[in-house]
Amino acid sequence: LLTAPISGDVLSMQANPGMPVARGTKLVEIGNSRVDRSTAIQLDGNVAEMRERAVGVLRKRESNQAYLANLDQSIHEKAAQLEQILRAQISELKANVAEADAVIEQRRLSYDQAAQLASRNVTNANTLKPAKQQLEAAQSAKDAANAKLTQKVSQLEGLSKGVYVGEDLLALAEISQKRREIEFDTQ
């Protein structure tokens, strides 16, 4: 169904119903001798304005698509960098956990030795308290290292799935949000 902004008689038809047409193709010529010149000028102005708007929308869309391509490249590069950083941090944290295990074992031996000496009344029972505190501190250090390791592993897993959570991934999350906004605007 086609409508025209003016009434009149169909002078010629360049397209038939159901036939595909290209943009800008003249479909029908309408003639009306009663339409005054000012109406025709106004209609021509409306057509020109609509064409300018359409061109502007197309240019904005093309610009947005180019910007999206740049953002995609930036996201990809940033994600690769962060993946390397997280892998290095995970390796370091695994070493910290192993070191904490060794310290715990050392503190446990010191505590056990102090406990044996205290049980034989070779030393005072008060010497157990510092050894126990050192053992508990070593266990707390291991727990903290394990928590950091779990956090970094979770961030790396999220990064591989496109989920950017955590302070380390904040910049990537912001770029991704900007990309979503531009993509939505482009549609």
Side-chain angles (χ1 to χ4, degrees), residues 22-23 49-120 122-187:
R23 177 176 278 158
E49 181 183 334
M50 294 305 256
R51 280 192 183 135
E52 286 176 15
R53 283 185 187 172
V55 168
V57 167
L58 287 174
R59 286 187 181 149
K60 182 176 182 190
R61 187 165 199 258
E62 290 169 358
S63 172
N64 283 350
Q65 287 174 336
Y67 188 50
L68 285 173
N70 285 338
L71 284 176
D72 286 341
Q73 181 66 28
S74 178
I75 289 169
H76 177 72
E77 290 171 359
K78 187 79 170 162
Q81 289 172 350
L82 287 171
E83 181 180 355
Q84 290 177 345
I85 291 169
L86 286 172
R87 287 190 187 281
Q89 289 175 343
I90 287 170
S91 294
E92 182 181 336
L93 288 168
K94 284 180 180 179
N96 290 350
V97 170
E99 181 183 347
D101 278 335
V103 170
I104 286 173
E105 189 58 32
Q106 181 186 17
R107 300 294 187 227
R108 188 181 327 272
L109 290 174
S110 294
Y111 178 76
D112 289 344
Q113 185 179 27
Q116 285 178 356
L117 292 173
S119 69
R120 293 184 204 157
V122 174
T123 62
N124 189 341
N126 291 335
T127 59
L128 283 178
K129 187 175 181 180
K132 184 175 182 180
Q133 288 174 341
Q134 289 175 349
L135 177 61
E136 289 171 351
Q139 184 62 47
S140 295
K142 180 185 176 188
D143 292 344
N146 267 328
K148 287 180 184 178
L149 176 61
T150 302
Q151 176 190 15
K152 296 300 178 181
V153 168
S154 296
Q155 284 181 328
L156 182 61
E157 289 172 358
L159 180 64
S160 69
K161 295 175 184 174
V163 177
Y164 311 123
V165 178
E167 190 174 311
D168 296 335
L169 304 179
L170 182 61
L172 195 54
E174 290 172 349
I175 294 171
S176 295
Q177 181 61 33
K178 181 69 172 173
R179 190 206 180 285
R180 281 187 213 99
E181 291 169 3
I182 302 259
E183 183 178 33
F184 182 74
D185 187 44
T186 301
Q187 296 173 356

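The residues of the chain are indexed from 1 along the displayed sequence. The figures that follow rest on heavy atoms only: side chains count, while hydrogens, waters and symmetry mates do not.
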Run the side-chain contact (heavy atoms from CB on, under 4.5 Å) test on I75 and Y164 for me, step by step, so that the C-alpha distance in whole Å, both residues' side-chain angles and the decisive distance to 0.1 Å come before the verdict. CA-CA 11 Å; I75 289 169; Y164 311 123; 4.0 Å; yes

Listing request: all side chain to side chain donor-acceptor pair (under 3.5 Å) pairs with a residue in [range], at least two apart in sequence or in separate chains.
range	value
residues 73-85	Q73-E77, E83-R87
residues 93-111	D101-K142
residues 146-162	Q89-K152, K152-D168

Please report the shortest heavy-atom distance between V103 and A138, naming the atom on each side. CG1-CB, 3.7 Å

Does any part of the side chain of L156, heavy atoms only, come nearer than 4.5 Å to the side chain of L82, both counted from C-beta? no

Side-chain heavy-atom pair K132, E136 within 4.5 angstrom cut-off: yes

What residues, two or more places apart in sequence or in another chain, satisfy side chain to side chain contact (heavy atoms under 4.5 Å, CB included) together with E183? L68, R179, Q187

Can you sort out the partners of R120 under side chain to side chain contact (heavy atoms under 4.5 Å, CB included), two or more places apart, ordered by chain and number? Q116, V122

Contacts under 3.5 angstrom, residues 50-62 side chains, donor-acceptor by atom type, not counting sequence neighbours:
{"from": "R53", "atom 1": "NH2", "to": "E49", "atom 2": "OE2", "distance (Å)": "2.7"}
{"from": "K60", "atom 1": "NZ", "to": "D185", "atom 2": "OD2", "distance (Å)": "3.1"}

Would you check, one step at a time, whether the test side-chain contact (heavy atoms from CB on, under 4.5 Å) holds for L93 with V153? CA-CA 10 Å; L93 288 168; V153 168; over 6 Å; no

Rounded to the nearest 0.5 angstrom, the CG-CD distance for N64 and E181 is 12.0 Å

Please lay out, stage by stage, how L169 and L86 fare under the test side-chain contact (heavy atoms from CB on, under 4.5 Å). CA-CA 10 Å; L169 304 179; L86 286 172; 4.2 Å; yes

